[in-house]
Each structure stands twice: as C-alpha cells, then as structure tokens.
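Structure, as structure tokens:
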Amino acid sequence: MKNLFRQTFSLDRSSLRWQNFLATAAFTARVFLSIGIALFLAFMIQLESPMSTVTTVLIVANPTVGALVSKSVWRMTGTVIGAALSTAVMAMFVQSAVLYFMALSVFVGLACMTATCLRYFRAYAAVLAGYTIIIVAVPAFSHPENIFLSAMMRVSDVALGIVVTAAVFMVTSPRRRQGTMDALSGAFRETLRHALVFHEGLVRPAGTQDIQNVEPAIADGAFRTLPQTLYDGRQRLMGQLARLGPAIEYAATDNPDIHAGVRGYRLAVSRMTGLVASYHPYWRNLGIANSLSASVHREIRDTLTWILVLTESAGWIEQPQSVLACLEDSQQRLEDLERSATSPAAQASVDNTRDILFQLREIVLDLSSPRGAHVRVRVGLYVEWMSAIYNGLRGMLIAFLACMIWYITYFPTGPMMIMYVVAASSLLSTVPSAARASLPMAIGTALSVPACWLCHIVALPRVDGYPMLWLSICACMLPGVWLQFHPRYGIGAFGYTVFLAMQLMVTNSMVVDDITLINTWLAILMGCVLLVLVFRVIMPADQRLYASRLVLSLGRSLQSLSSQPGTKVPSWMVWEGAQIQKVSSLLMRLSLVTSPIDRQGYVDGAFAALSLGRLLIRLRRAAEKAGLTAAQTDALNTALVSFRMLRRDPGGTAASLRDAARLIGSDTDATTGCVLHVRLVACLEQSAHIIDSIPGFFHADGPLNCWFDERGAATLVSAHPAR
C-alpha cells in the first residue's frame, strides 16, 4: 500500500511537471510567433527601429490573456504620455544640456514614484512614461528638430507590437470564466480547511484532548508557538489569496462576466484573507484556557465540515442556498449558546465565532451574487509612501548620473547606457524590493552581452532570408523567454530577453559595425554596474526600517479607531481591508530582513492587531446599546483614551482596559442579565490580553526600532522593551 501511494504521488508530480512544461512551451511558441509577425510587418512598412516591436512583444507577452490586454492598454497609454513629455522637455531645454538632463531626471523619478504607488499593470503606464522619455529623446540628442518624428516612430513601434501580440494570444489562448471561479472556490475551501484545523483541537475541555500538541507558552500571557505545519499552511494560503487578486483583475479585462462582478470577487478575496488572519496563537490560548468554549468550537467544527461537503460540487457557487441555510442554522444555534454564556471567557468565544460565521456568509454572497446590493464596500488602496519616494529618488539619481557620465566623457554609445539604466530602474520600481531585484536584473542583462556576440558572430552572418533571421533571433532569446515566469529566475530572464532585443542591431539594411557593437556592449555593462551601485550601495533598501514603519502604521490605525466617535466608526471590512494590505507588505519586508528579528512574533502580532481592531469596532457598537451607567461610561472612555499611550506604555493601556472590564462586570444584574454587558467585558479583556501578549510589537522601543547586535539573539515581541 505504501509503495502504491508513492507511485501515485510520483505520477502526480510527474504529471504536474509535464503540464508545466507544456504550458511553458505553448507560451514560448506564442511569443516567437508574435515576434515573427511583428518583425516582418515592421520590415514591410519600413519602420526605423524594427527591433523595438520585438521588445514590445517580449514585455507585454503574458500567459494570461487578460493580463496581456491590460498590460498592452497601459503600455500604450504610458508610451503616448512619455512621448508627449519628451517632446515638451526637448522644446523647453534644447539650449542647455545640463538643465535638459535635470528635467529628464525629475520626470523619470516621478514616474518611478508613481509606479510604486499604483497596482497591477496600471503601474506599467508610469514605467513606460518614464523610460519612453529617454527612448524618444536619444535619437534626437544630436538633431533636436527630429524629436517629434522620433516620438511618432516610438508610438508606431509599440502599437504594432501590441496589436500583433494581442491578436496572436487571443486567437491561440483559451479563455474560460470557469477557471477563475474554480480558483475562487478552491481558495474558499482551503480557507475552510485552515479554520477547521484550529477548531478540531478545541472541541473538548482543556487537558482532555489537544490533537495539535501545542507547546507551552513562552511566558505568561505570551502567544503559544503553533505547530510549524500550521505556520507553513497559513503562509501558503496567504500566498494563494495574494495571487488571486491580480488573477481576478486580469480575468476581468478579458471576460465580460468576470468584469461585471469583479467588485464582489475582490471583496470575497479580501474577506478570505481576513478570515485566515483571524486564526493566530491567541485563539489557541483562548480556547485551551477556557473549557466552557468547547461546545462553541464543536458547533463551528461541525458547520465547517458540512460546508466542505456541500461545496464539493462544481456548481455550488451558482446555487449557494444550501450553504447559506447551513450558516443560518449554525448562527441560530450559536445564539442559543450565547444565552447560556454568562462568563466573559465563554462570551469571547461566542463573539469570535459569530464573526467567523458572518464572514463566511458574506464570502458566499460575494461569490454567488457579486453584483448584489450588498456589494457596497470600497477598500482603499494603501500606499507605502516611504518606499515610493525612495524609488523616485533612485530613478532620479541614476538617470542624472548616466546623463552626466555621457555628457562628460562623450562616450559614443552613452545614450544606450542611459536608455538601459532608466528602463531598468523604472521596471524595478514595480517589484516589492527594487534593491534586491537589481542584482538579478543586472546579471541577466550582462548575460545578454555574450548572447548578442554569439548571435552576431555565429547566426546573423549566415542568415539568408527572413525565416532564418526569425529563427536565429528566437534561438538566442529562448533561455530568457522560457524562464521569464520562473519564480527564481524571472527577473534575470526578463532583463536578458528585453535588453538582448535592444542590443541586436537588426535593421532593414543590415550593416555590421563591430566598433559600434563593442561600444554598445560596454555601455550595457557600464549600465549594469551603475544600476547595482545606485540600488545596493549608494541607496540600499533598509527592510528593517520599512517593516518598522508598517508596524507603526498598524498601531496608529488602532489609535485612530479608538478615538473616533461611535457614530463614525468605519465598517470593519473597510478598516480591515486597508490593514491587510499593510500586513501583506509587512510579511514580505520581514522575509527580507537579514538581521536577527523575531519574525514569527511580528507575524502573529500583526494578525493579532487585526483582531484587536475588530474588538474595538465590536466594543464601540455594543457600548451604544448596553445602557451603561455614568461611571461605567467614564471607565470605558478612559480605557479608549488610553490607546493614545499605546506606543509609550502598552502595559498601561492593557491595565486601563482591565479596569473598565472590572467595573462593568462588577454589576451583578448586568453580568447575569444583559448579554451586551458580558460582550463588553469580553471585548475589553480580550483586548487587554492581546496587548499584554505582544508589548514589544506596539512599543516605540520594540525590537524593530532598536539597535541590534548581529551576533546576538533576536528580542521577542512578547517581552517588555527595556526602559
């Protein structure tokens, strides 16, 4: 039996590798076909730089047709804007080279900053606007009067490459709505399984069963360390949900049905991400320490198990009535349990579970009725201004340095170096870590130099007719096109293909100039050195600082939430949607920090901060209807005001919350007769416990904000910072 399982598993892996191979081969064939048609048409209509159409094909090509269409639209938009800006700047500063270079550098920096602020291929319009300015200006450096003709040629090259690539991919690529819906359904079921793992271990009182064998707490009030399999599963699921966002956007570009309901599908993904973030070590502590919550966890465990059965069929999204009925029945049974939950600990489990069921119901509605009246929530876009400004300064600096190097040395192919560094820095502004990606980009570009040499020495002299020329170019670009979407080599492969096309001097009248070729290769290599020098030496990224800014932003969001009047408390979905974007960016930044740091503690702390925000929103809403006395109201307001000192004294904030819980819970009649009072006490005590568990996360002198010893152990976020 074991051998049979291994054989089956091996067959599955072999089948998956074979499918990936076929998909990559099909994508490569489409790219090469697009190159052949675009280059042939460029020769036919006598474009000045036919290889620019090849570059366009390599940049806009994407396995997903929707992504290709979106990328093409924004590429054309950015090209037109960049061509207009280049013409305007040349007209204003044609008499002063230094002022002209300064103006170009400023516009390139603004384009890089804008590209960092935008999402998906909207950022690509800013990228194209940035380096199209240089591409248009380079041919007109010696003859400024030709700037308008150069701009029109650039627009023509890009338009031809876009039209050909879009036509080839749309004709040869299948497009199905069901693929996107299956991905959403699969993500929903994976989210249910992730939640089920937590509840299965909490269905009996503490000490009787714990199937996950959770380790003891590190310290009193600290988060427990979850099994590594749960952390790995959470990371994998978060990555899956993160990839779903762009996939939905691209599918909406190409599929009218997806486009009509894209807003609801976005909300569904955001809610699923929030649901995954709800399950962190604090939940495990709460469940194990509270034997009265066993029945609550048993109820939701049974509900999740049954929903997994109901969602096995492929068409459950179109007919969600049975799933919604199951959730409504579970909510009714949960209300019955709530009436008997007279202790704050039991009420805490009931409230948290009610939130889970509510989220599940909203996810099902978003998936099944994405255009329904309930889809009214707009989640704002979070922008890392610090990273955006830093990328803008890098783009400005590298553009100005390249221009001045050429101006001072008057290197014959200096404009090629300027084109490369501006294009590379603009493209790097769209990746999560531009400094880290600059080295693979430079290495891939450097490898294109010997490939270009081989093409000019071995292939092109023996070419006789267009078919051989096309095959020779495709053979040289094959490694980069094949590896372009590989997670490890993608950036380097992209640099290899794009800038190899830029170096190949294939024109209507082939004139091989060895001196010009050598100078071009030297310019490209100088640009690679300059790119790494600026991005990793002169202006390196401080991932620790970026991460600390995100943690600070999470704390300020909690402070703002606590200080707002009850009537202006935002929807938890609106607040949480913005914070999830910060958490996702924080996870990426923490993975890039090289110094010792309590990464897992910060990840759990970030998820707990989301739970703390939910508790504050729930607290404000319950307080409006609880009928508190004047003394209780004053105590609650004092507890909320104490969030102002969250960064200076998180322990004091937690103490104020517990004082308010003690005063509100001291009313015997309220504790036994008013569910809302019990809810308030439960929210206050949970909030205090979360803050006490991770004081270093909120404190201004937390581990991310302190000087560190490279050889020492990382300080835990569960420890109080030294004063």
Side-chain angles (χ1 to χ4, degrees), residues 34-62 68-94 100 103-104 107-108 110-112 114-115 118 121-170 253 399 415-416 418-420 422-424 426-427 430 497-499 501-502 504-508:
S34 301
I35 289 175
I37 297 175
L39 188 58
F40 179 79
L41 293 177
F43 283 147
M44 288 291 293
I45 61 179
Q46 296 292 311
L47 289 180
E48 184 177 339
S49 53
M51 286 303 294
S52 294
T53 61
V54 176
T55 305
T56 299
V57 170
L58 295 170
I59 291 178
V60 303
N62 194 286
L68 184 148
V69 173
S70 177
K71 200 173 186 179
S72 300
V73 170
W74 290 109
R75 178 174 172 81
M76 196 67 218
T77 303
T79 300
V80 172
I81 294 174
L85 287 175
S86 182
T87 304
V89 173
M90 179 71 77
M92 289 187 293
F93 300 102
V94 69
Y100 176 67
L104 284 180
F107 280 112
V108 169
L110 290 174
C112 292
T114 306
L118 299 177
F121 289 132
R122 297 177 184 88
Y124 203 63
V127 170
L128 262 295
Y131 70 75
T132 298
I133 297 175
I134 297 296
I135 293 176
V136 170
V138 164
F141 277 156
S142 55
H143 298 283
E145 67 276 7
N146 294 333
I147 184 67
F148 182 75
L149 179 61
S150 177
M152 292 300 99
M153 281 294 180
R154 177 62 183 172
V155 173
S156 301
D157 294 336
V158 171
L160 178 60
I162 286 175
V163 171
V164 170
T165 309
V168 170
F169 274 74
M170 293 183 74
T253 305
M416 178 64 74
I418 299 173
M419 289 172 60
Y420 169 69
V422 170
S426 300
L427 290 168
T430 61
T497 53
V498 171
F499 298 110
M502 185 183 293
L504 290 174
M505 297 181 180
V506 178
T507 57
N508 285 317

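Nothing here was measured: the structure is a model prediction, and the numbers come from that model.
- Remark: side-chain polar atoms of T430 are paired, donor with acceptor, to backbone N or O of L427 under 3.5 angstrom.
- The minimum heavy-atom distance linking V57 with G161 is given by the pair CG2-O, 4.0 Å.
- Residues I45 and L160 form a side-chain contact, since some pair of their non-hydrogen atoms from C-beta on lies under 4.5 Å apart.
- The environment of CZ in F40 is sparse: at most 12 heavy-atom neighbours from other residues, nucleotides or ligands sit within 6.0 Å.
- Atoms OG1 and CE, on T497 and M502 in that order, are 11.0 Å from each other to the nearest 0.5 Å.
- To the nearest 0.5 Å, atoms OG1 (T79) and CD1 (I162) are separated by 6.0 Å.
- Summarising the geometry, atom OG1 belonging to T87 is positioned 10.5 Å from atom CE belonging to M92; distances are rounded to the nearest 0.5 Å.
- Rounding to the nearest 0.5 Å gives a distance of 10.0 Å between OG1 of T132 and CE of M419.
- With contacts defined as side-chain heavy-atom distances shorter than 4.5 Å, the pair L58/I35 qualifies.
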| task | Could you please spell out the steps behind the side-chain contact (heavy atoms from CB on, under 4.5 Å) verdict for V164 and T53? | result | CA-CA 9 Å; V164 170; T53 61; over 6 Å; no
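- Closest approach of A61 to T165, counting heavy atoms only: CA-CG2, 4.3 Å.
- Residue A42 comes nearest to P50 through the heavy atom pair CB-CB, 3.6 Å, listed as atom of the first residue, atom of the second, then distance.
- Residue V155 comes nearest to A83 through the heavy atom pair CG2-CB, 4.2 Å, listed as atom of the first residue, atom of the second, then distance.
- T56 and D157 share no side-chain donor-acceptor pair at under 3.5 Å.
- Remark: A423 pairs with Y131, F499 by the side-chain contact (heavy atoms from CB on, under 4.5 Å) rule, at least two apart or across chains.
- Proximity of a side-chain donor or acceptor of S86 to a complementary backbone N or O of G82 within less than 3.5 Å is not detected.
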